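In this text the structure is predicted, and so the values were computed from the model without any measurement. Here is the naming used below: chain letters follow the sequence lines, and residue numbers restart at 1 for every chain.
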Amino acid sequence: MSTVATTSPAPPRTDFLRSLGSFPILGPVAALILACIFFATQSDRFLSGANFSLILQQVVVVGTLAIGQTLVILTGGIDLSNGMIMALSSVLMTGLYANSGMDPYLAVLVGMAVCVAFGVVNGWLHTFIGLPPFIVTLGTYSIAYSLVRIYTTATITDVPPALNFFGDTFRIGSTAITYGTVAMIVLYVIAWFVLRSTPAGRAVYAVGDNPEAARLAGIHTGRVLIAVYTIAAISYGIAGLLLVGRMGVGDPNTGQNGNLESITAVVLGGTSLLGGRGYIMGTLVGALIVGVFRNGLQLMGIGSNYQVLITGVLVILAASVDYLSHRGK
Amino acid sequence: MSTVATTSPAPPRTDFLRSLGSFPILGPVAALILACIFFATQSDRFLSGANFSLILQQVVVVGTLAIGQTLVILTGGIDLSNGMIMALSSVLMTGLYANSGMDPYLAVLVGMAVCVAFGVVNGWLHTFIGLPPFIVTLGTYSIAYSLVRIYTTATITDVPPALNFFGDTFRIGSTAITYGTVAMIVLYVIAWFVLRSTPAGRAVYAVGDNPEAARLAGIHTGRVLIAVYTIAAISYGIAGLLLVGRMGVGDPNTGQNGNLESITAVVLGGTSLLGGRGYIMGTLVGALIVGVFRNGLQLMGIGSNYQVLITGVLVILAASVDYLSHRGK
Amino acid sequence: TVGLITKTESNPFFVKMKEGASQEAKRQGAKLLTGAGAKDGDNEGQVTALENMINAGAKGILITPSDTKAIVPALQRARQQGALVIALDTATEPQSAVDALFATDNFKAGVLIGQWAKAAMAGKKPVIATLDLQPGITVGAQRHNGFLQGMGLAKADPNSSNLVTAPQVVCSQDTHGDQAEGQAAMENCLSKNPDINLVYTINEPAAFGAYTAIRAAGKEKDILIVSVDGGCRGVQGVVDGKIAATSQQYPLKMATMGVQAVVDYAKSGKKVSGYTDTGVTLITDKAQPGVPSKDSKFGMANCWGTK
Amino acid sequence: MRAATAEGPGKVLLEMKGIGKTFPGVKALQGVSLTVREGQVHALLGENGAGKSTLIKILSGAYAKDEGEILWEGKPVAIRGPEDAQALGISTIYQEFNLGRQLTVAENIFLGQLPRKGFRVDWKTARARSRELLDRLGARISVDAKVERLSVAEQQLVEIAKALNRKTRLLVMDEPSAVLGEGDLERLFEVVRSLQQQGIGIVYISHRLVEIFALADEVTVLKDGRYVATKRVADVQMDDLVRLMIGRDLKDVYPRRATPAGPVLLEVKNLRRPKLVHDVSFHVRAGEIVGFSGITGSGRTEVVRAVFGADPHTAEMTMEGRPYRPRSPKDAIRSGVALVTEDRKGQGLFLKLNVAVNTTISAIRSVTRGGVIRRAKESALVEKMIRDLRIKTPSARFLVVNMSGGNQQKVILARWLSVHTKLLIMDEPTRGIDVGSKAEIYQIMDELTKRGVGIIMISSELPEVLGMSDRIYVMREGTIVGELARGAASEEAIMKYAVGGELAAAG
Ligand SMILES: Nc1ncnc2c1ncn2[C@@H]1O[C@H](COP(=O)(O)OP(=O)(O)OP(=O)(O)O)[C@@H](O)[C@H]1O
Ligand SMILES: Nc1ncnc2c1ncn2[C@@H]1O[C@H](COP(=O)(O)OP(=O)(O)OP(=O)(O)O)[C@@H](O)[C@H]1O
Ligand SMILES: [Mg+2]
Ligand SMILES: [Mg+2]
């Protein structure tokens, strides 16, 4: 995993230059820029505010899922359940209003509560029973999957206006931007700040890097892990909210690829699956890389079989760029 | 990952009793037996030779995929591409005969050659570029996925008799057993022997436990890794062969869940995703656990939603049993 | 430019559709963009493809909605942006969400095989296994419910996305229309209840999976398999006596009509509208009195509307 | 030279009574007691596997005790976890590193207790304070460096700084000196003494008796998990301690007799490694022990890693007169070269695998027939090694992770004694090894040379270098600055070369 063997996670502002010199997510950013340049040469429609706004919209859901996924992976874990937790919260948030006439805001709260419950269960099984996160979240994936379908197999169309908010747009110049996009970016900034500059954030890195050392240093690793899985689950709930805003419906069939897609974003962003090393903003870049590929290839009118082929190749290339950009160190 | 924090990969014949005391795959086996007892009480049709033979048949493909997956995971890697490599080989093995009139055995060779190629690429990208296996195999997954569909989207029905062999059955008493089942079990025995009693097997564990130490002990870690990914890919090719035998067609839609399903079997079998610790026979048990759940729940006539729900819960329980059975150590 | 969005890339049914579209597009000198969801039921994938195609300047979108409700808001956005939207094979809910629908009546397809099976069972008491698609997908429900209604075992709302059932149905499994899953499901159904004598399958891959399982159990003589699609491979199955009867649809036709309509719209700006039934024909070699059907020769000649 | 506060014992800080601990298959401790007073340096002595680390891990809350009680200032206390111990003011430097390898030095020093400003971490304070602590230890490391980039010595200094940074009434140090060179050691002593002045109690574990005499007021000896005795250092001689520890006398620790050196075995010319090694040339004769001395970071490890083919380098080398170009450790091993690394856990052992696998991994072919590992042969080999090296383990199937530091080192030796080694390179071979085992290892080295094996020994322990080497190369800043024959060598001579001119701190 030498891809990220560099630099202090928290370069102090004082020596800004050094921190630039070892700019951690250089690789992913380079890969993203290369991809953009490539597509700009291929399709005249690619380089437009409207198109970029579109790509952002298409990335919002996975991007938000990937925030929680990043936290979990930083602790050395992995969360396969995130997409289904999102799906469950989104059908509840819409369904409780549409089918049970619950107050929409209350419905959102209930949806969030369910997410929290799943997060706690994930964290607890991992920490106190000591099960590998892969197995735990595989199990909760199935559980959430079936709960969604037991609750409803019919798409919920009667969505309260309040929940459509994140789908609405405002204009900057000529390009319309959704509030969902803004929400996602805000979440990233918060996560970035917390991970970089708060004791809690540093504890996440410490636990992921060397749990035993963390424990012996008096860090309550158990609490940290449960908190991480819970906060992650909340981000999945928010992703559900953004999804509803974007799709305008509560869709029980959603979220099944959320885990692999979010993990891809995380890893493309330069975060190590071994835990302890990674950068939340890298994840955002990783998500954008995937979004740009998909959008660009479609603009080029490439048949989707070849789209998949090229995406596969590009994923490997992007990761290589990242790796090579760090090789020196 | 305390699930597997126990003693040697190879308990010596000499002190049989101790080796029993620390019988590594005790947990998975216990979980399997418990599951069987449960279903036996729920459905009178469960406990029949025919039904067990059936479960085995349904496990053959995933079980064979999981052999390669186990090798890869023992080195600390992970292989997401296995299902699609299997799919590619199976459409080639059938298609080259059906569409290009190639000699069936030659077709099989070609299919295997393609697997080898994928294995080498996986191993090479991981070892020499240093990319994380997750990303590498995610990329090759997409590549194989699209190659399958570029080659054919139509199911290949005109399968040469030779390739149906593994679907054919022989009888022990009243129950019919497929040659495919036998093939899988033979492969497990071979893998078990190699891992347990050959220098190559030792090298796999050593590299998985501490690559740097392995290198300094005179092991060519690079070669070991590439060999592992290649041999794994061959097992996927064989899985493809068994798949064709079982289904009697070459199906381009197959294999998409092969990765998660095989990883589940491996982890349920008590192998650590961190590498260096695990037991191939545990994987077989893990695969059987899943197969028994699916079969048993359907015999009980439980609706598919609840089947998923229960499977989720049982996966977690099974893993817990495994963990708790090792807690002492 | 025309955009075609199918449920998946690999299901032969949609492959055929794509084939028809690209032929027609070539004839008309139009540019065809194609996209699809990752798997059946993947709505986001379709929405993303849709948005990108509009952005790529598609005048019209031909779509087989994976999720007949969830896709609606996205389609409305597309129409606001001035694109002609035509649903192929599967109606949206509400149907008015699209300009026009070129489709088979999936419910009717189900009813036809149901009626045929009822007649073919000739009074024998049916013991039924249904190999379904997956929860919440309308097409799956329509075919399933249609079948049971045709059998006269249940009444169902032609547009419901919930499966009805009946005492005669002893085993129901989801197969996602996948052959391997169909086989495993059938195997387990048989070990659950060996007396099954009639199998409904959501599509032909599932049907073949079921047949493999049944043959392995040596019951191919005693069990009837009915299915929907009428693809060339499916009809071949009828010829081989693996599938007793199947309802044939005409994706090629849908696609051709679709592209035509978009091209016209691009030229003249006039939109097609309403529902055009592209027809469904029961294909079987054991025709039953009172159930209109054609034989497999016809089926082969028209499988999915080749020529 | 001993600390001033030795007279007039302060009041009792800690009492551990009748402590017992059992691990699966191992009775690590039974009925062990320990009493530490304020301002006292209390040494803990014992062979490898005697139970020293286990005892202090119970004290620090890393392990739970099975029996016995702990009194803090006379009152019984329950230490349920590390946080309890820290609350009492017990801070511990463990034998094995507990650092986050991806984290910076400063962050490790403040692990679990980062200073805050509002919600934010106060990096400014953290880095400044870390700087202070490191300077006090004379460590020239950037506080922003990642720990994984540091040499083992540097990592140890970080561990010490980390412990000093906690509010401390009792400081426990488990073999802090094992990986330190002379210079670092002196500064460590100064620090310990000043802490002592402030009335802080100190538990000090080391296998180097000289240190005990230089530093400790009292010493408690353990053997096989049992309490043996507690003595005032003033009242005992080295031999007494040795006898208490290993239960027998130990005459001449260094068995080395000058032996007639054989033909040149290894010849190295112009060995270069960018930034680490500059143009190093030397040779080793068959049956000769060549010592490499020098301060930490002088490049000794980098030299031998190159010779072992572990790192890229340029050089002309010959082995037994034949050209020798190791492109990988495997090549080196094939030509009969072996390396015992300085970092046992990171670069030597397979911790989650058992003694047998760790021992035979490099010799696996020799116990393989027809491609199959012959269990009987393997067990025979392993059992022999366990006997010859007196490795303390319940069985050949015991996991190395659970072994004491010294025994782990023996396992690595066993690995190289299992293959046909002509040139044995040992980087800090007796680091963390008890006097008894040390003598045994020296014995083994001596016997090997009699069989014509050549040995390169890197050591930061001058007595060891002087006692065992036939010739000594001294390195500084990546070059060889001096070569001393057995007769001509002395601590002064070596330090003179090692620190270069300014004799000052040396000796
Ligand atoms: N986690 C463990 N599981 C099983 N046995 C253990 C474990 N830790 C230590 N032991 C055993 O307990 C005994 C005491 O080990 P300990 O590390 O305390 O010795 P030590 O005095 O520190 O030796 P050294 O001087 O080499 O560090 C040894 O026999 C060791 O094998
Ligand atoms: N793993 C490493 N990564 C980066 N630099 C290192 C590493 N190990 C050692 N160094 C640096 O390389 C130089 C030589 O270190 P080396 O370990 O060879 O010195 P040494 O003479 O062996 O001292 P020691 O007694 O620590 O072994 C030192 O500056 C050291 O800090
Ligand atoms: Mg110790
Ligand atoms: Mg060194």
Side-chain angles (χ1 to χ4, degrees), chain B residues 43-46 48 50-55 57-59 61-62 83 87 90-91 142 145-146 148-150 152-158 164 167-169 176 178 243-258 291 294-305 307-308, chain C residues 6 8-16 18-19 36 38-40 129 131-136 163 165 169-194 204-205 208-209 211-213 215-218 231-234 236-237 240 242:
Chain B
S43 157
D44 50 355
R45 303 190 161 280
F46 181 80
S48 73
N51 192 49
F52 277 118
S53 158
L54 185 63
I55 293 174
Q57 289 174 45
Q58 296 175 344
V59 164
V61 174
V62 167
S90 63
V91 294
S142 309
Y145 176 97
S146 48
V148 169
R149 284 154 181 72
I150 291 166
T152 177
T153 52
T155 306
I156 293 142
T157 48
D158 171 17
N164 283 324
D168 303 343
T169 61
T178 63
L243 178 73
V244 172
R246 169 165 160 71
M247 296 178 52
V249 297
D251 176 1
N253 291 315
T254 191
Q256 300 184 45
N257 304 327
R294 201 195 303 110
N295 171 276
L297 290 170
Q298 296 197 354
L299 289 190
M300 289 169 65
I302 291 182
S304 57
N305 287 339
Q307 283 180 30
V308 180
Chain C
T6 52
T8 68
E9 270 296 324
S10 44
N11 179 330
F13 183 86
F14 299 121
V15 174
K16 207 62 174 172
K18 203 164 122 187
E19 218 174 271
K39 59 174 90 145
D40 228 320
L131 304 187
D132 299 310
L133 189 57
Q134 77 191 57
L163 302 183
T165 185
V169 178
V170 296
C171 185
S172 287
Q173 289 297 329
D174 289 346
T175 66
H176 307 97
D178 173 75
Q179 176 155 357
E181 289 189 51
Q183 182 176 348
M186 191 66 221
E187 287 167 344
N188 292 333
C189 281
L190 281 174
S191 60
K192 180 180 174 199
N193 186 329
E204 283 145 0
F208 285 113
Y211 180 81
T212 315
R215 197 193 49 219
C232 299
R233 183 177 163 226
Q236 185 57 45
D240 306 343
K242 294 177 178 173

**Message:** For C/Gln179, which atoms come within 4.5 Å of any heavy atom of chain B: side chain, backbone, both, or neither?
**Reply:**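 Both parts, heavy atoms under 4.5 Å.
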
Bottom line for C/Thr212: the part with an atom under 4.5 Å from chain B's heavy atoms is side chain

Here the gap from B/Thr157 atom OG1 to C/Gln236 atom CD, rounded to the nearest 0.5 Å, amounts to 7.5 Å

Note to self: Measuring from atom CG of B/Asn257 to atom CD of C/Glu181, what distance do you get when rounded to the nearest 0.5 angstrom?
What the structure shows: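 With rounding to 0.5 Å, CG (B/Asn257) is 7.0 Å from CD (C/Glu181).
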
_If I compare all heavy atoms of B/Leu299 with all of C/Asn188, which pair ends up nearest, and what's the gap?_
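Shortest heavy-atom separation between B/Leu299 and C/Asn188 comes out as CD2-O, 3.8 Å.
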
Note: C/Ala180 and B/Asp251 closest approach over all heavy atoms is N-OD2, 4.4 Å

Counting heavy-atom pairs under 4.5 Å with chain C, the top scorer among B/Thr152, B/Asn51, B/Thr155 is B/Thr155

| request: Taking C/Gln183 for its side chain and B/Arg246 for its backbone only, find out whether a donor-acceptor pair lies under 3.5 Å. | output: yes

Applying a strict 4.5 Å limit to non-hydrogen atoms, the region of B/Val249 in contact with chain C is side chain

Counting only non-hydrogen atoms closer than 4.5 Å, does B/Phe46 touch chain C with its backbone (N, CA, C, O), its side chain (CB onward), both, or neither?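 It is neither, since no heavy atom gets under 4.5 Å.
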
Worksheet item: Under 4.5 Å between any side-chain heavy atoms of C/Lys192 and B/Gln298, yes or no?
Response: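 In short, these two side chains do not touch, never coming nearer than 4.5 Å.
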
